[in-house]
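Heavy atoms only: backbone and side chains are in, while hydrogens, waters and symmetry mates are out. Predicted, not measured: the structure shown is a model, and the values here were computed from it.
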Amino acid sequence: MEITVNIKEQSKIATFLNLIKKIDYVKIVSVKEESQELPTEHKDLLDKRLQRIENGETTFKSWDLIKEKYEDKAV
């Protein structure tokens, strides 16, 4: 059985996917973003990143975690 889920807040997608991945009987079949504003080059990079996550080569990082890394650095 497949279920389609629409996540309204973009900032919550990674958290949701991380929670779903922890359930052993659930498999993420695909992740699609509905934004047409995204340049093709950026979309390609995101698709490659999602593929690396699916292959277990990397993990999702929350925006808050990334933001903390750079907050203390002067721009």
Side-chain angles (χ1 to χ4, degrees):
M1 172 161 120
E2 289 187 27
I3 298 173
T4 302
V5 177
N6 184 6
I7 302 172
K8 295 177 182 179
E9 268 188 70
Q10 294 291 327
S11 64
K12 305 292 183 192
I13 292 173
T15 302
F16 176 78
L17 290 174
N18 280 330
L19 289 172
I20 293 297
K21 285 175 72 175
K22 291 180 182 179
I23 303 172
D24 63 347
Y25 56 87
V26 173
K27 177 183 177 189
I28 298 173
V29 176
S30 68
V31 177
K32 296 178 184 174
E33 191 170 330
E34 295 294 324
S35 176
Q36 296 297 328
E37 301 172 20
L38 208 55
T40 305
E41 296 83 5
H42 193 178
K43 184 178 179 327
D44 291 341
L45 289 172
L46 291 174
D47 288 343
K48 289 175 185 174
R49 171 108 172 111
L50 287 173
Q51 186 62 49
R52 288 195 312 268
I53 291 167
E54 187 176 310
N55 294 341
E57 299 168 9
T58 189
T59 59
F60 279 106
K61 305 265 191 264
S62 73
W63 171 242
D64 292 330
L65 182 68
I66 302 298
K67 190 168 59 172
E68 284 176 16
K69 179 178 175 181
Y70 293 99
E71 279 180 338
D72 296 333
K73 294 184 179 185
V75 178

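For Glu54, the side chain to side chain contact (heavy atoms under 4.5 Å, CB included) test picks out Gln51, with sequence neighbours left out. Listed by chain and residue number, Asp64 satisfy the salt bridge (Lys or Arg N to Asp or Glu O under 4.0 Å) test with Lys67 (two or more places apart in sequence, or in another chain). The side chain to side chain contact (heavy atoms under 4.5 Å, CB included) check on Asp24 picks up nothing, with sequence neighbours excluded.
Tyr70 and Leu65 fall into different hydrophobic clusters, defined by Ile, Leu, Val, Met, Phe, Trp and Tyr side-chain heavy atoms under 4.5 Å apart, directly or through other members. Under the 4.5 Å side-chain contact rule for hydrophobic residues, Ile13 and Leu19 do not share a cluster. Hydrophobic clustering, with ILVMFWY side chains joined whenever heavy atoms are under 4.5 angstrom apart, keeps Val29 apart from Ile20. When the side chains of ILVMFWY residues are joined at heavy-atom separations under 4.5 Å, either directly or via intervening members, Ile23 and Ile7 end up in a single hydrophobic cluster.
Lys48 and Asp44 are not joined by a salt bridge, as no carboxylate oxygen comes within less than 4.0 angstrom of a charged side-chain nitrogen.
Taking both residues in full, the closest heavy atoms of Thr59 and Arg49 are given as O-NH2, 2.8 Å, listed atom of the first, atom of the second, then distance.
The NZ atom of Lys43 sits 8.5 Å away from the OG1 atom of Thr40 when rounded to the nearest 0.5 Å. Atom OG1 of Thr58 sits about 10.5 Å away from atom CG of Leu50, to the nearest 0.5 Å.
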